[in-house]
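Atoms considered below: every heavy atom in the structure, side chains included; atoms not considered: hydrogens, waters and symmetry mates. Starting from 1, each residue takes its place in the sequence as its number. Bear in mind the structure is a predicted one, so any value in this text is a computation, not a measurement. Counting starts at 1 for both ligands and their atoms, in listed order.
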Amino acid sequence: MKRAFNFSAGPAAIPTEVLEKAQKELLNWNGHGCSVMEFGHRTPEFQSLIDKAETDLRKLLSIPEHYKVLFMHGSASHQFSMVPMNLLGTNDTANYLEQAHWSKKAIKEAKRFGNIHVQSAYEQTEHGLSILPENQWKLADNAKYLHYTSNETIVGVQFHKEPEVYQGKLVCDMCSDILSREIDIEKYALIYAGAQKNIGPSGMTLVIVREDLFDQMHTNRVPSLYQYPLMAKHGSLYNTPPSFGIYLASLVFEWLLEQGGVKTMENLNQQKAQLLYEYIDGSSFYHSPVAVDSRSIMNVAFTLSESNLDIEFLQQAKAQGLIALKGHRDFGGMRASIYNAMPFEGVEQLVAFMKKFEAEH
Ligand SMILES: *Cc1c(COP(=O)(O)O)cnc(C)c1O
């Protein structure tokens, strides 16, 4: 069977070249006579793998020396707890931006560990859903950090730059746009991202954290596996790491470097998103619910003028090899997730299909 163009929001497409390499190495990794999955994590060979993954990631994102890179177990949802557990003392306050979906879950967990000041970050305008300008946010000024989600995967709303007025530490859930564009790491205190959107398989989560934060962390009541400083001290190898996830991530990092790095991906991602949004805006059959300047270049949400055509749209798209276009269950409509692994051709085929569907209805 031919590989489909996979628009899934997550777990999402992985570059075909990466999967082919993993397939080739599955029975015999680097001549060891077994796969990396079956290989000891306390070996020099695995150490070289994790070191190379870190080096490549540092190159891709220009991560400065004074930031630690952690390859963690679990998902972004674990980080919803880990961040406040480590960064908040019982009487401390943190600011959280409330966005569509994921940030609400982060807020729910954070409330177990400190005083959480919530500021809504979206507004419904006549042009669609929009990010509320920063000068209208009311934040607690004694807070330990501000947590926000750079790209809200569910509705396709994206911050195109970091908050600028806020002077405290920024903690960012970057699950669905990490490695899709250049960022200035030094603007952040801590970044986390589950792998299954733009990195690799689920079960592994990346954390990039400024080292000086370790001195202020409240770790004595935190379980070992949830302590950032301990994980950093052991180079992510305190216990058995998610080794296959780290391996696949390392192949994705190599692939990204071969493509030309993050700037090249950013240009391509811009072009893909532009092609799709321009078509949607020019059509009276499709509609984007998000205001132009808040639109995500990773998750393009759109609706059909008649929602009773949704099922037929999805069925026909699938028959054309365009899969997983159904919107999130809380939101309805369609969503095309066009992460790094989605080639330009996939978006061209989607637009061609949408045109044909529009003409026939
Ligand atoms: C997918 C996603 C999550 C949650 O990931 P899990 O692996 O299900 O915990 C959190 N935040 C954002 C922005 C996401 O896209």
Quiz item: Nearest to atom 15 (O) of ligand 1, what protein heavy atom do you find, and at what distance?
Solution: Thr153 OG1, 2.4 Å
Practice problem: Answer yes or no: is there an ion pair linking Lys355 with Glu358, defined by an N-O contact shorter than 4.0 Å? | Solution: no
Self-check item: Residue, atom name and distance, where the atom is the protein heavy atom closest to atom 11 (N) of ligand 1
Solution: Asp173 OD2, 2.6 Å
Exercise. Please check if the distance between the ring centroids of Phe46 and Phe39 is under 6.0 Å.
Key: no
Exercise. Any atoms of ligand 1 less than 4.0 Å from a non-hydrogen atom of Phe80? List them with their elements.
Key: 10 (C)
Quiz item: How about His117 and Tyr96: are their ring centroids closer than 6.0 Å?
Solution: no
Self-check item: Neighbour count >12 (heavy atoms, 6.0 Å) for atom NZ, Lys144
Solution: no
Quiz item: In terms of atom number and element, which parts of ligand 1 are under 4.0 angstrom from non-hydrogen atoms of Thr149?
Solution: 13 (C)
Self-check item: ligand 1 versus Tyr192: contacting region, heavy-atom distance under 4.0 Å
Solution: neither
Quiz item: Step by step, would you call Glu54 with Arg58 a salt bridge (charged side-chain N to carboxylate O under 4.0 Å, His left out)?
Solution: CA-CA 6 Å; Glu54 179 173 337; Arg58 283 183 180 276; 2.9 Å; yes
Quiz prompt | Nearest non-hydrogen protein atom, atom 9 (O) of ligand 1 | solution = Ser77 OG, 2.6 Å
Quiz item: What is the nearest protein non-hydrogen atom to atom 1 (C) of ligand 1, stated with its residue, atom name and distance?
Solution: Lys197 NZ, 1.5 Å
Quiz prompt | Identity and distance of the protein heavy atom lying nearest atom 7 (O) of ligand 1 | solution = Gln196 NE2, 2.7 Å
Exercise. Before accepting this row, confirm whether a basic side-chain N of the pair Lys52/Glu254 lies closer than 4.0 Å to the acidic partner's carboxylate O.
Key: yes
Quiz item: Nearest to atom 6 (P) of ligand 1, what protein heavy atom do you find, and at what distance?
Solution: Ser75 CB, 3.6 Å
Self-check item: Sub-4.0 Å heavy-atom contact, Lys105 with ligand 1
Solution: no
Quiz item: Ion pair present between Glu360 and Lys356, side-chain N to carboxylate O less than 4.0 angstrom?
Solution: yes
